[in-house]
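Naming convention: chains lettered A, B, ... in sequence-line order (proteins, then strands); numbering from 1 in each chain.
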Amino acid sequence: MHGRLKVRTTEQEQAIKRKEREQKVKAYKAAMGRIMKIRGNVELNDEMLILTREVLQRNPDIYTLWNIRREIFLSFKKEKSDEEMGKLVDNEVKLTENCLMNNQKSYCAWHHRGWVLDLHPEPKWTRELALCTEFLKQDERNFHCWDYLRLAAAKSGFSPLKQFELSDEKIKDNFSNYSAWHYRSKLLPLTHPDPEGNALIEPRQHSYELGQVESAAYTDPNDSSAWFYQRWLLGRDCSVAQRQPPKPLLCWLGPHKAIVSFSKHSRLAPQLFVDGQTVEGEWMMESKYVWVLKHKIGNVDLIKKAEVVTEGGRLELQPSSIGLVAVVAEDSQEHNQVVMDTLKGQLKNCKLLLTLTPDCRWTYLTAVFLMQAIDVRLFHGETMEFLDKLIQLDPLRAGHYDDLRSKYVMEFKLSLMEGSFGVQESVSLSQCHLSSLYHFNQLALVREMCRKLDLSHNCLVTLDSMPGLPALEWLDLSDNELTKEPGRVDKNLRNANLTALKSLSVQDNPCSDLLDIEDLLQTLSFK
Amino acid sequence: MALKKDVDLNSVIAKPLTLKVHSDYIAAYGENKEDYEYCMTEYLRMSGIYWGLTAMALMGELDRMNKGEVLQFVRSCQDPVSGGISSSPGHDPHLLYTLSALQILSIYDEKLSDQEQDKVVNYIKSLQQPSGSFIGDKWGEEDTRFSFCAVACLSLIGRLNDIDVEKATEFVVSCMNFDGGFGSRPGSESHAGLIYCCVGYFSVVGRLDLVDADTLGWWLCERQLPSALSLLGESTLQVVDPTYCMPKSVINKLRLAPQRLNVS
């Protein structure tokens, strides 16, 4: 309709459109009727190819029509010469190209192109790479095209390093090309692995990548693409700790039970030795991080020496008032020294940038991630300050910043106590701005030992990640935001296995009036 | 990136949702079999019916749909050879439409016969690949969408253990990306639709612990645009492309912690 003078009334236009559509429906129905009728009739393959081509060029998503063409092509493969087959496939490839011109996001057309090219006696996959580059110029985020490019790269033996250079080009063209950053994250471990095997990426390249993100940030600090990539570079995936086997952080040996909690998911059961002898019993993986052993030793007071051996190291247990215990701190050094120097330099730049553009949320958030990657303890206060500022600047994502704060608070507390947090009878997390309960899963002993838990004056909405706390006698949840959604908090409390609970406070919560404490305590103790 | 694509909703948000008009439209849809839109969407009819029925069920108007005709249609689409279900009579069976068909039956609390059901299960089993992935039909397109379709189908009929769930899970995990999201195949970029499928996958097989909820939650809240703030209040979370809107209750079910998103 482009370029025509708008002289008709809407009604006239509608009538014309209706007529056009009626004709289209008629043509479509006639073609589909004929197609269904002659399907499988080999004699009429040529007619079938023409008919399905016509319909597919209008709508490449009619998957059955591509199937019909594939059936025909499979029969061609048996009877045609290489030369004929080559021509037929070239034409078919051309058809998909026409279809993709109309609809670049047709799953069917992209899939058929790859499928049929495999039937070519000499498939030119490098030509496909060129086509992808062309399509990406028109839409640099078309994920179908990126997927096809990966297929073509694999088929044509286009090396990861060359693909990496392509992602480089794309990022230099446009820093906010999220697809290219994504591609890089997949290629880097292949093209630039750490020769020492300590980290995911070779440290100098890791530093270089961080530099790339910084350049992107200076170009357009409000564009989020590079920031996701940066968070990945700073995160656990790329850290030194991630490459090492799960490390035992806390072990406890008590009557009839032993617990080992790990720094990360551990698939292998630990072994426990008392005075040089293996302790018999069945190890159970209680959660991703925690293994529990049920054993026959009823009295552990007389044990002089116990040791736990795991894939990630061994720990010696020492006698204490609550049984035998070993506690170590998690490594705070998450990155190689070369990377660490880069991080420190970037933090400096971030802070400088904040004096120039004091209201850029991305700079604050980056500073937070950098500080947490450098030193959890040293920067705790400043991290909290920056998160407050972020909540002011970006209220839309306040919930996310609250969660980050909850996580960092717990990590800070853990680092201070070097794990002894888990062996205390009374734990206070009052007034910590907690919106979620982080790391409780790793605190295996809280559930065995903790009699008193103070979570008052926080901003908890639910208790979804509340661990089982069978020893808990006293729980203060007052002054939180616990939801009045029917049954939610009840259910959380019931799931927490609070069989010893004697005192519970839920004052000053949206759900306060809905909970009958006496009744709840009674049902919990009978569970 | 996305921020530039936001819309100004001030002029339209005051209107209440016109449920009557919606349900009338859906109830009438398909009455005229010569209608252009109706004819041109024949290749996805089964899913279209499912979408229409869910909308009607949500509006409490399911009774207005012709149950007998729908059930008859579903049964007419099962391929007697492969056991798979197609979008329409004459079209080929595909996992996408097999799921829509089973969903339709669930809405009506109806079941296939034991024999038909066994055939569906065999069809789904035949599509699992050595990597654990699923292809959509015998022509080999591999995609995490189909992993979701497979487990959703099987869990609806209580036959999840008929496939290798562990291997299937391994494949979906291998599609996880640096932003916590998921793509269609290992190496593919994250995309909201595929993230829905993969998180849905983990939810169905009971392995949501494999999702990096913090990173993915951040990804999700960075997708929310300012216009979303001024919409409809508690019950809806709107993003500027309605395809990617998710009701709060869905996010809740996926345990993606809705408090991370600003929904009030």
To the nearest 0.5 Å, what is the distance between [atom1] ([X]) and [atom2] ([Y])?
| X | Y | atom1 | atom2 | answer |
| --- | --- | --- | --- | --- |
| A:Trp227 | B:Glu222 | CH2 | CD | 11.5 Å |
| B:Asn177 | A:Trp232 | CG | CH2 | 10.5 Å |
| B:Glu189 | A:Lys186 | CD | NZ | 11.0 Å |
| A:Ile62 | B:His91 | CD1 | NE2 | 7.0 Å |
| B:Cys39 | A:Lys24 | SG | NZ | 13.0 Å |
| B:Tyr43 | A:Met32 | OH | CE | 11.0 Å |

Pair count under 4.5 Å, heavy atoms only, with chain A: among B:Ser87, B:Gly136, B:Gly180, B:Ser190, highest is B:Ser87
Heaviest contributor of heavy-atom pairs below 4.5 Å to chain A, chosen from B:Lys138, B:Arg185, B:Glu37, B:Met40, is B:Met40
Proximity of B:Phe178 and A:Tyr178 rings by center, below 6.0 Å: yes
Specify the closest pair of heavy atoms between [X] and [Y], including all atoms of both residues, with the distance to one decimal.
| X | Y | result |
| --- | --- | --- |
| A:His400 | B:Cys221 | CB-SG, 3.7 Å |
| A:Thr64 | B:Gly90 | CG2-O, 4.0 Å |
| B:Trp218 | A:Leu365 | CZ2-CD2, 3.7 Å |

Tell me, for [X] versus chain B, whether the close heavy atoms (under 4.5 Å) come from the side chain, the backbone, both or neither.
| X | result |
| --- | --- |
| A:Arg18 | neither |
| A:Glu71 | both |
| A:Arg21 | both |
| A:Lys26 | neither |

Contact origin within B:Leu96 toward chain A - heavy atom pairs under 4.5 Å: neither
Given heavy-atom pairs under 4.5 angstrom as the criterion, report whether the side chain, backbone, both or neither of B:Ser184 touches chain A. side chain
Close side-chain approach of B:Leu44 and A:Asp61, heavy atoms under 4.5 Å: no
Is there a donor in the side chain of A:Tyr107 and an acceptor in the side chain of B:Asp143, or the other way round, less than 3.5 Å apart? no
Which label fits A:Tyr63 and B:His94: parallel for a plane angle under 30°, tilted from 30 to 60°, or perpendicular past 60°? perpendicular
If we ignore hydrogens and angles and just use 3.5 Å, is the side chain of A:His182 paired with the main-chain N or O of B:Gly187 as donor and acceptor? yes
Under a 4.0 Å threshold between the charged nitrogen and the carboxylate oxygen, would B:Asp92 count as salt-bridged to A:Arg70? no
